[in-house]
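Written below as C-alpha cells is the structure these notes are about.
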Amino acid sequence: MQVKVRYFAYLRQLTNEVKEEEISLPDDATIRDLLNVLVEKYGEKLEKVLFESSQRKTLSENIIVLINGQSVNDLGTKLKNGDIVSIMPFLSGG
C-alpha cells in the first residue's frame with residue numbers, strides 16, 4: 001500500500017527538507033510501522049523526536065500525528081492505502 005506523509009515545521013530539517021513523500025508499506029501496516037520506516041530512512045535524530053525512548057513504544061508527547069486530518073495517539077492504528085499522514089510538533093502559545 002502507499003501512504004502520503006507530510007512533515008511540518010522543524011521535522012523537515014530532519015527529513016532533508018522533504019515536505020511530502022509517498023511511502024510503500026505492507027497492507028496491514030500501522031502508524032508504528034510507518035514511523036519505524038521513517039526512522040530507518042532518516043536516522044536517530046528523527047527517532048529521538050518521534051519517540052519517548054529508543055524502544056519506540058510510545059509516541060513523544062511533543063509530536064502530533066494525523067491520519068486524513070484526524071488526530072491519532074495509538075501507534076497500533078492501522079493505515080489504509082491512500083491515507084495522508086501528517087506529522088507535526090505540538091505547538092503551544094500564550
Side-chain angles (χ1 to χ4, degrees):
M1 95 171 112
Q2 293 284 115
V3 297
K4 186 178 288 187
V5 182
R6 295 179 176 161
Y7 307 99
F8 292 86
Y10 64 82
L11 294 174
R12 291 179 180 165
Q13 295 170 353
L14 302 175
T15 61
N16 304 316
E17 299 303 325
V18 172
K19 295 178 182 180
E20 181 177 296
E21 66 182 323
E22 295 275 336
I23 300 289
S24 295
L25 297 166
D27 288 338
D28 62 345
T30 63
I31 288 292
R32 175 179 278 109
D33 296 326
L34 171 62
L35 296 180
N36 284 332
V37 166
L38 298 177
V39 166
E40 296 306 315
K41 183 173 184 176
Y42 293 112
E44 185 179 341
K45 288 182 181 179
L46 184 63
E47 178 181 40
K48 287 182 178 184
V49 170
L50 294 179
F51 294 101
E52 287 295 326
S53 73
S54 61
Q55 296 174 358
R56 302 182 191 173
K57 291 184 179 182
T58 307
L59 187 65
S60 170
E61 63 184 29
N62 298 315
I63 294 295
I64 298 169
V65 176
L66 305 174
I67 300 175
N68 303 321
Q70 299 295 313
S71 181
V72 176
N73 293 322
D74 181 2
L75 293 177
T77 301
K78 298 276 187 189
L79 293 165
K80 296 184 295 291
N81 189 49
D83 279 346
I84 299 173
V85 179
S86 301
I87 306 171
M88 61 188 70
F90 178 78
L91 301 175
S92 63

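Start at 1 with the first residue, then count along the sequence.
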Checklist entry - Would you call V85 and I23 a side-chain contact if the rule is heavy atoms closer than 4.5 Å? => result no
Next on the checklist: Would you say that more than 12 heavy atoms from the other residues, nucleotides or ligands in this model lie under 6.0 Å from the CD of E22, or not?
Outcome noted: yes
Checklist entry - How about L75 and V65: do any of their side-chain heavy atoms sit closer than 4.5 Å? => result no
Next on the checklist: Hydrophobic clusters here meaning ILVMFWY residues chained together by side-chain heavy-atom distances under 4.5 Å, can you tell me if I84 and L34 are in one?
Outcome noted: no
Next on the checklist: Are I64 and Y10 connected into the same hydrophobic cluster when the rule is that any two of I, L, V, M, F, W, Y join if their side-chain heavy atoms are below 4.5 Å apart?
Outcome noted: no
Next on the checklist: Can you confirm whether R12 sits close enough to V18 that some side-chain heavy atom of one is under 4.5 Å from a side-chain heavy atom of the other?
Outcome noted: no
Checklist entry - Which residues satisfy the salt bridge (Lys or Arg N to Asp or Glu O under 4.0 Å) test with R6, sequence neighbours excluded? => result E20
Next on the checklist: Check for me, please, whether L66 and V3 land in the same ILVMFWY cluster - side-chain distances under 4.5 Å, paths through other members count.
Outcome noted: no
Checklist entry - Would you say K48 and L14 make side-chain contact, with heavy atoms under 4.5 Å? => result no
Checklist outcome for this item: Here the gap from E47 atom CD to L35 atom CG, rounded to the nearest 0.5 Å, amounts to 11.0 Å
Checklist entry - Any link between Y7 and V37 through a network of hydrophobic side chains (Ile, Leu, Val, Met, Phe, Trp, Tyr) touching at under 4.5 Å? => result yes
Checklist entry - Can you tell if the side chain of L59 reaches within under 4.5 Å of the side chain of I31, non-hydrogen atoms only? => result no
Next on the checklist: Quick test of your reading: applying side-chain hydrogen bond (donor to acceptor under 3.5 Å, both in side chains), list the pairs with at least one residue in residues 64-80, sequence neighbours left out, ordered by first then second residue.
Outcome noted: N68-D83
Item to check | Trace of the side-chain contact (heavy atoms from CB on, under 4.5 Å) decision for V49 with N62 | outcome: CA-CA 8 Å; V49 170; N62 298 315; over 6 Å; no
Checklist entry - With sequence neighbours left out, which residue pairs that include part of residues 29-38 fulfil the side-chain hydrogen bond (donor to acceptor under 3.5 Å, both in side chains) condition? => result T30-D33, N36-R56
Item to check | hydrophobic_cluster_shared for M88 and F90, side chain cutoff 4.5 Å | outcome: yes
Checklist entry - Is there a side-chain contact between L11 and L46 (heavy atoms, below 4.5 Å)? => result yes
Checklist entry - When you look at N16 and K41, which way does the side-chain contact (heavy atoms from CB on, under 4.5 Å) test go after all the steps? => result CA-CA 11 Å; N16 304 316; K41 183 173 184 176; over 6 Å; no
Checklist entry - Hey, does the side chain of E52 reach the backbone of K57 with a donor-acceptor pair shorter than 3.5 angstrom? => result no
Checklist entry - How close do P26 and M1 get, heavy atom to heavy atom, and via which atoms? => result O-CE, 3.0 Å
